[in-house]
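Have a look at the structure below before the remarks.
Numbers here are sequence positions counted from 1.
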Amino acid sequence: NAMKISKKDITDIKIVCNGAGVAGIACMKLLRAYGAKEDRCFVCDTKGVIYPGRPEGMNDLKAGLANATVSENMSLAEACSGADVLIGVS
């Protein structure tokens, strides 16, 4: 409903998820299944934004949601800049 009201398309929005546990991973997988673009989806955990090759705090599920546009440590605050959606889960 919010997408319709704001007249935005899911393929154009930036989504940030703060929390990379089971709930966060499930939310992001569902949003991607609905058409959210991988390069516009950012998942954060206690170490920051998940990106390919991040050396610490990774597992196979997190690696599957890594954002390839990020190549070094990025904070939640940096990821939220310009975001259309912020999801917070623990």
Side-chain angles (χ1 to χ4, degrees):
N1 288 337
M3 300 288 293
K4 288 180 184 177
I5 291 169
S6 63
K7 296 183 175 139
K8 293 185 178 184
D9 188 89
I10 195 164
T11 61
D12 298 327
I13 64 170
K14 179 179 180 180
I15 304 169
V16 178
C17 181
N18 184 26
V22 175
I25 290 168
C27 288
M28 294 308 284
K29 284 186 172 185
L30 184 62
L31 287 165
R32 285 185 177 182
Y34 279 121
K37 300 295 183 187
E38 290 183 17
D39 65 338
R40 306 280 293 153
C41 293
F42 298 81
V43 181
C44 299
D45 63 8
T46 59
K47 309 286 189 229
V49 174
I50 296 170
Y51 61 90
R54 192 178 79 171
E56 58 183 305
M58 294 295 286
N59 61 42
D60 290 341
L61 294 172
K62 289 181 182 181
L65 294 175
N67 187 311
T69 67
V70 180
S71 60
E72 58 186 38
N73 290 339
M74 177 188 278
S75 70
L76 173 62
E78 292 169 319
C80 286
S81 178
D84 298 287
V85 176
L86 173 61
I87 299 168
V89 292
S90 61

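Annotation: side chain of L76 is not in contact with side chain of F42 (no heavy-atom distance under 4.5 Å). For the pair E38 and N67, the minimum side-chain heavy-atom distance is 4.5 Å or more.
Nearest heavy atom pair, residue G57 against residue R54, reads O-NH2, 3.3 Å. Across all non-hydrogen atoms, the minimal contact from I50 to M58 is CG2-CE, 3.6 Å. Here the shortest heavy-atom pairing between E56 and K47 reads OE1-CE, 3.3 Å.
Sorted by first and then second residue, the pairs that involve residues 58-73 and meet salt bridge (charged side-chain N to carboxylate O under 4.0 Å, His left out), not counting sequence neighbours, are D45-K62.
Partners of V85 according to the side chain to side chain contact (heavy atoms under 4.5 Å, CB included) rule, which considers only residues two or more places apart in sequence or in another chain, are I13, I15, I87. Taking the side-chain hydrogen bond (donor to acceptor under 3.5 Å, both in side chains) definition, one finds that N73 meets it with Y51, sequence neighbours left out. Taking D84 as the reference, K8 meet the salt bridge (Lys or Arg N to Asp or Glu O under 4.0 Å) condition, with sequence neighbours excluded. Taking S81 as the reference, nothing meets the side-chain hydrogen bond (donor to acceptor under 3.5 Å, both in side chains) condition, with sequence neighbours excluded.
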Kindly list each side-chain donor-acceptor pair under 3.5 angstrom involving residues 16-34, sequence neighbours excluded, with atom names and distances?
residue : atom : partner : partner atom : Å
R32     : NH1  : G64     : O            : 3.3
R32     : NH2  : L65     : O            : 3.4

Starting from the C-alpha separation in whole Å, work towards a yes-or-no answer on side chain to side chain contact (heavy atoms under 4.5 Å, CB included) for S75 and V49.
CA-CA 6 Å; S75 70; V49 174; over 6 Å; no

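With values rounded to the nearest 0.5 angstrom, T11 atom OG1 is found 9.5 Å from R40 atom CZ. L86 CG to K14 NZ: the interatomic distance, rounded to the nearest 0.5 Å, is 11.0 Å.
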